[in-house]
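In each ligand, atom 1 is the first atom listed, and ligand 1 is the first ligand listed.
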Amino acid sequence: MRPNTLYIVVPCYNEEAVLPETAKRLRAKLEALIALGQVSSRSRVMLVNDGSKDATWAIISALHRDCPLFSGVDLTRNRGHQNALLAGLMTAKARGDLVISMDADLQDDIDVVDEMVAKYHEGCDIVYGVRSSRKKDTFFKRFTAEGFYRFMNVLGANVVFNHADYRLMSKAALEGLAEFKEVNLFLRGLVPMIGYTTATVEYERGKRFAGESKYPFKKMIAFALEGITSLSTKPIRLITALGFLIFLVSVAMLVTFIAQWAMGMTVVGWASVICSVWAIGGLILLSLGVIGEYIGKIYLETKQRPRFLIREVLDTEE
Ligand code: UDP
Ligand code: MG
């Protein structure tokens with residue numbers, strides 16, 4: 001049997017409404033797994049506080065005080081979901097043999113954890129949780145989220161369809177992840193690059209049972225752009241292609257105009273001139289924007305700022 005100390009890593013941002021219930025369910029799940037001998041008794045539920053403004057950290061500290069199965073990581077400030085998750089994964093890597101990450105709102109069916117752990121024992125190093133349906137999401141969320149995966153793939157960011165950040169990773173896979181030093185983090189795009197033997201398990205995604213989504217539409221767009229620009233340079237290539245196409249069109253236009261001039265037809269078309277000026281101007285601005293986006297990324301990467309800072313770790317060592 002492979003070494004089996006499991007850490008369940010859960011990033012939490014202003015989650016006081018769901019945390020007590022989430023903690024109760026995760027504790028029950030972990031105790032059951034320990035009783036079955038699937039994971040060792042040193043396993044933990046690791047709750048990462050991402051600079052919450054509410055009582056989240058107080059709740060985590062109290063959970064840890066009452067039960068050694070809970071451990072906590074407190075970040076110095078809010079760094080966003082991806083960075084909070086990375087902080088948890090890297091802390092858990094040093095302590096456990098396999099790590100499962102999931103959201104605090106338990107939209108991901110936690111009963112799938114058993115299957116994930118079983119796949120780990122069969123020799124998989126990464127197990128992706130994949131949503132089999134989005135029946136319980138609102139139409140808007142489903143539409144935008146599925147559009148997100150399609151758009152990402154078209155633009156060269158290959159992500160596992162309908163897989164969010166619910167996944168199991170072995171220590172070896174986490175060591176691999178630690179080698180990716182980028183500051184602009186998009187974990188779902190990075191993990192498939194690690195390699196190893198992988199598997200997927202399907203589950204139905206439920207509703208957030210309390211509190212509200214921390215990913216409003218605006219943040220989702222920002223997240224998609226982050227994903228695309230940090231994983232692929234395809235948009236820049238598309239701009240090049242577009243520029244070439246427009247150049248071809250202008251050559252064709254030139255040829256036509258010269259022919260018309262030779263035949264003695266003068267064109268009076270002000271409208272077409274103004275239109276093309278605006279069209280080209282717009283395209284140039286757009287292209288500069290996309291290129292600027294990448295330069296901005298390079299700027300941030302060269303600074304090598306820390307991806308997270310930890311104020312405190314609560315973990316009972318046996
Ligand atoms: N989260 C976080 N930092 C943030 C925003 C969100 O750690 O700045 C966590 C949040 O607590 C939750 C997870 O990321 O555990 C996913 O957020 P949410 O459920 O609100 O997103 P949705 O399911 O609506 O996409
Ligand atoms: Mg959620």
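Set against the non-hydrogen atoms of Asp105, the atoms of ligand 1 under 4.0 Å away are 19 (O), 23 (O). Atoms of ligand 1 lying under 4.0 Å from any heavy atom of Cys12, numbered from 1 in the order shown and given with element: 7 (O), 11 (O).
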*Apply side chain to side chain donor-acceptor pair (under 3.5 Å) to Asn49 and Glu15, showing your working.*
CA-CA 9 Å; Asn49 175 35; Glu15 297 287 12; over 6 Å; no
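The pair Glu21-Arg25 counts as a salt bridge, with a side-chain nitrogen and a carboxylate oxygen less than 4.0 angstrom apart. With respect to the salt-bridge test (charged N to carboxylate O, under 4.0 angstrom), the residues Asp111 and Lys29 qualify. Taking the charged nitrogens against the carboxylate oxygens, Arg2 and Asp125 do have a contact shorter than 4.0 Å, which makes a salt bridge.
Nearest to atom 10 (C) of ligand 1 by heavy-atom distance, out of Glu15, Arg79, His81, is Glu15.
Across Glu301, Lys297, Arg307, a single residue satisfies side chain to side chain donor-acceptor pair (under 3.5 Å) together with Asn184, and that is Glu301.
With hydrogens left out, the protein atom closest to atom 18 (P) of ligand 1 is Arg208 NH2, 3.5 Å, a heavy atom. Of the protein's heavy atoms, Tyr13 CB, 3.7 Å lies nearest to atom 1 (N) of ligand 1. Ranking the protein heavy atoms by distance from atom 9 (C) of ligand 1 puts Pro11 O, 3.8 Å first. In terms of protein heavy-atom proximity, atom 3 (N) of ligand 1 is closest to Asp50 OD2, 2.6 Å. Among all non-hydrogen protein atoms, the one lying nearest atom 25 (O) of ligand 1 is Lys141 NZ, 3.2 Å.
The shortest N or O to N or O distance between Ala84 and ligand 1 is not under 3.5 Å.
With the Mg ion (ligand 2) as the vertex, OD2 of Asp105 and OE1 of Gln107 span 90° to the nearest 10°.
Between the Asp315 side chain and the Ser71 main chain, no donor and acceptor come within less than 3.5 Å of each other.
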